[in-house]
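Quantities reported herein were computed from a predicted structural model and do not represent experimental measurements. Whatever order the structure lists ligands and atoms in, that order sets their numbers, starting from 1.
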Amino acid sequence: MADTHFGSRQVPLEDKQALVDDVFHSVAPRYDLMNDLMSLGLHRAWKNALVTALDPPKTRPFALLDVAGGTGDIAFRAAKAAGAGFRATVCDINSDMLAVGRERASARHLDEQVSFVEGNAEALDFPDRAFDAYTIAFGIRNVPRIDLALSEAFRVLKPGGRFLCLEFSTVDVPGLDRIYDLFSFKVIPPLGRAVTGDAESYRYLVESIRKFPKAGAFAEMIRAAGFSRVTLQSLSGGIVALHSGWRL
Ligand code: SAM
């Protein structure tokens with residue numbers, strides 16, 4: 001059986017998803033608060049950059065699939081930018097993250113526009129060519145078989161559909177890299193312990209960022225899945241990259 005990484009540990013490929021699921025079951029109730037604290041609010045700007053790139057239309061129907069969509073952040077932001085014909089499906093493998101998302105959707109009166117579905121990015125339960133756009137924010141790093149997730153993204157997009165992925169990347173600003181590493185390893189796990197009672201899940205988070213392919217290599221994987229006009233935009237000195245591709 002093949003191995004893969006779970007943070008800095010080598011684990012059998014078949015075991016990774018269950019370990020990832022434990023992380024998000026554990027952090028779900030305080031996931032959104034922790035995002036604000038550990039990114040110093042920056043995750044909002046990164047998600048807004050994705051929605052700006054998505055540019056959902058105001059005057060015609062538009063179907064978005066937000067995979068690994070967790071508590072719904074991308075879908076809510078896209079709904080705000082879009083017109084009345086906008087519909088988002090948030091698909092995530094974790095029922096606890098989805099439960100938080102459903103509550104947040106109700107509080108925002110977005111139940112009509114945003115629906116929540118449990119599912120695995122590697123084997124989506126949606127027909128071919130069903131969506132105008134596929135987004136995945138800070139999710140693909142957690143998926144054991146990234147190539148399967150990318151080919152599923154391609155399959156469910158309509159021709160002319162857009163793929164957008166936000167993921168942590170590699171800091172490329174001298175000086176910032178050292179501060180970022182210090183903050184990642186010395187501040188985030190203790191902060192995770194204080195806020196969620198779980199330092200280990202946040203250690204996984206910072207380790208998994210280091211294991212994810214470099215932005216150029218990931219762009220190649222997107223191309224290999226069939227996408228065209230693949231580009232990447234570095235955000236906040238390389239902390240995050242926004243990847244884009246089209247199904248043409
Ligand atoms: N997209 C949301 C955001 O930006 O706030 C949530 C991102 S959270 C860091 C990662 C999400 O990926 C978790 O909700 C987790 O359950 C989900 N996930 C992990 N593996 C998955 C898989 N194989 N299929 C679908 N979702 C998955």
Self-check item: Distance-only donor-acceptor check, side chains Y31 and N35, under 3.5 Å
Solution: yes

Exercise. Kindly write out the residues that satisfy ring pair (Phe, Tyr, Trp, His ring centres under 6.0 Å) with F62, not counting sequence neighbours, or none if the list is empty.
Key: none

Quiz item: Tell me, which pairs form a side chain to side chain donor-acceptor pair (under 3.5 Å) where one or both residues lie in residues 176-185, sequence neighbours left out?
Solution: D181-R210, S184-R210

Quiz item: ligand 1: which residues have a non-hydrogen atom closer than 4.0 Å?
Solution: Q17, V20, F24, Y31, N35, K47, A68, G69, G70, D92, I93, N94, M97, G119, N120, A121, A137, F138, N142, V143

Quiz item: With sequence neighbours excluded, what pairs up with F6 under the ring pair (Phe, Tyr, Trp, His ring centres under 6.0 Å) test?
Solution: Y204

Quiz item: Going through the checks in order, is the ring-ring contact (aromatic ring centres under 6.0 Å, His included) test met by F212 and F218?
Solution: CA-CA 8 Å; F212 189 68; F218 182 52; 5.0 Å; yes

Quiz item: Looking at L50, I140, T135, I136, which one forms a side-chain contact (heavy atoms from CB on, under 4.5 Å) with L166?
Solution: L50

